[in-house]
Trainee: 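Encoded as structure tokens, here's the structure I'll be asking about.
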Amino acid sequence: SGEAVREETRLSNAGFTLIELILVLILVGILSLYALPRFFNKDTFDTRAFGDKARATVRYAQKVAIAQNRPVFVDFSSGRIALCFDAACNTFVNSPSVKQANASCANSTTWMCEALPANVVIAPANQRFFFNALGRPFNIGNAEPVSTFALLTITLTGGSLNSTITIEPETGYVH
């Protein structure tokens with residue numbers, strides 16, 4: 001019976017000391033000062049999301065060019081990334097799924113076009129190029145088989161994040 005009393009007393013004294021509680025509060029304060037503002041920065045998330053969409057869109061352009069055996073033009077201008085079958089962007093590449101319409105994409109829900117988020121900046125601006133039927137990238141104005149397309153790196157900046165899209169010259173590999 002004396003054992004049970006000592007065990008009960010030991011368990012009732014278990015808990016946190018004042019020093020442990022103060023240290024936890026200090027750590028929570030430091031985390032909230034540095035981590036939370038970055039976590040709630042919407043521009044960073046918009047930049048990352050648009051970067052992922054833009055990379056996928058460029059890859060899709062190359063795949064469509066190969067699958068349909070004709071050039072597909074990629075247009076990073078006018079606050080959007082758009083895919084077309086002609087340099088003037090009069091014939092649109094269809095999106096594989098229906099999406100939300102927006103003004104920079106002519107309010108189309110079927111065109112493979114993504115609008116640039118408001119606080120994201122593209123550099124260098126107004127990039128236009130195309131993939132031929134073999135998936136090789138060409139500059140606007142190039143005629144097959146001669147391509148002057150050099151390594152292209154497009155940087156998207158927003159919030160505290162820089163996201164890059166790189167297109168290789170010979171293979172058109174997008175990363």
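From a predicted model like this one, the values you see are computed outputs, not experimental measurements. Below, each value reflects all heavy atoms present in this structure, side chains not excepted, and no hydrogens, waters or symmetry copies.
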Trainee: Shortest non-hydrogen contact from Arg128 to Ala88?
Mentor: NH2-N, 4.4 Å

Trainee: Work out which heavy atom in Glu168 is nearest to a heavy atom in His175; give both atom names and the distance.
Mentor: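 The pair with the smallest heavy-atom distance is OE2-NE2, 2.8 Å.
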
Trainee: Walk me through it: do Val58 and Ile167 pass the test side-chain contact (heavy atoms from CB on, under 4.5 Å)?
Mentor: CA-CA 9 Å; Val58 174; Ile167 300 113; 4.1 Å; yes

Trainee: Taking all non-hydrogen atoms of both residues into account, name the closest pair between Trp111 and Cys89 and its distance.
Mentor: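 Heavy atoms of Trp111 and Cys89 come nearest at CZ2-SG, 3.8 Å.
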
Trainee: Does Thr110 form a side-chain contact (heavy atoms from CB on, under 4.5 Å) with Phe92? I'd like the steps, not just the answer.
Mentor: CA-CA 9 Å; Thr110 59; Phe92 303 149; over 6 Å; no

Trainee: With a 6.0 Å cut-off (strictly less than), is the heavy-atom count around CZ of Arg59, excluding the residue itself, greater than 12?
Mentor: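 Enclosed: over 12 neighbouring heavy atoms sit under 6.0 Å from CZ of Arg59.
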
Trainee: Determine whether Val64 and Phe85 make a side-chain contact, defined as any pair of heavy atoms from C-beta on separated by less than 4.5 Å.
Mentor: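 With C-beta onward as the side chain, the pair touches.
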
Trainee: Can you check side-chain contact (heavy atoms from CB on, under 4.5 Å) on Thr57 and Phe76, steps first, answer last?
Mentor: CA-CA 11 Å; Thr57 301; Phe76 273 99; over 6 Å; no

Trainee: So does Pro137 get a backbone contact from the side chain of Ser147, meaning a donor-acceptor N/O pair under 3.5 Å?
Mentor: yes

Trainee: Would you say Arg136's side chain and Glu144's backbone share a donor-acceptor pair under 3.5 angstrom?
Mentor: no

Trainee: Which distance, rounded to the nearest 0.5 Å, do you find between the CG of Asn162 and the OG1 of Thr155?
Mentor: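 Asn162 CG to Thr155 OG1: 6.5 Å, rounded to 0.5 Å.
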
Trainee: Which heavy-atom pair separates Ser77 from Asn126 by the least distance, and what is that distance?
Mentor: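 Taking Ser77 first and Asn126 second, the nearest heavy atoms are CB-OD1, 3.2 Å.
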
Trainee: Would you name the heavy atoms of Val74 and Leu83 that are closest together and state the gap between them?
Mentor: CG2-CD2, 3.8 Å

Trainee: Might you point out which heavy atoms bring Ser32 and Gly29 nearest each other, and give the distance in Å?
Mentor: OG-O, 2.9 Å

Trainee: Find the distance between CZ (Phe50) and CZ (Arg80) and round it off to the nearest 0.5 Å.
Mentor: 11.0 Å

Trainee: Within a reach of under 6.0 Å around CD1 of Ile19, are more than 12 heavy atoms found that belong to other residues, nucleotides or ligands?
Mentor: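 Counting neighbours around CD1 of Ile19, 12 or fewer heavy atoms of other residues, nucleotides or ligands fall under 6.0 Å, so no.
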
Trainee: Donor-acceptor pair, Arg55 side chain versus Thr164 backbone, under 3.5 Å?
Mentor: yes

Trainee: Using the rule that two of Ile, Leu, Val, Met, Phe, Trp, Tyr join whenever any of their side-chain heavy atoms come within less than 4.5 Å, decide whether Tyr60 and Ile81 are in one cluster.
Mentor: yes

Trainee: Give the C-alpha distance, both sets of side-chain angles, the deciding distance and a yes or no for side-chain contact (heavy atoms from CB on, under 4.5 Å) between Leu161 and Phe45.
Mentor: CA-CA 9 Å; Leu161 180 72; Phe45 289 110; over 6 Å; no

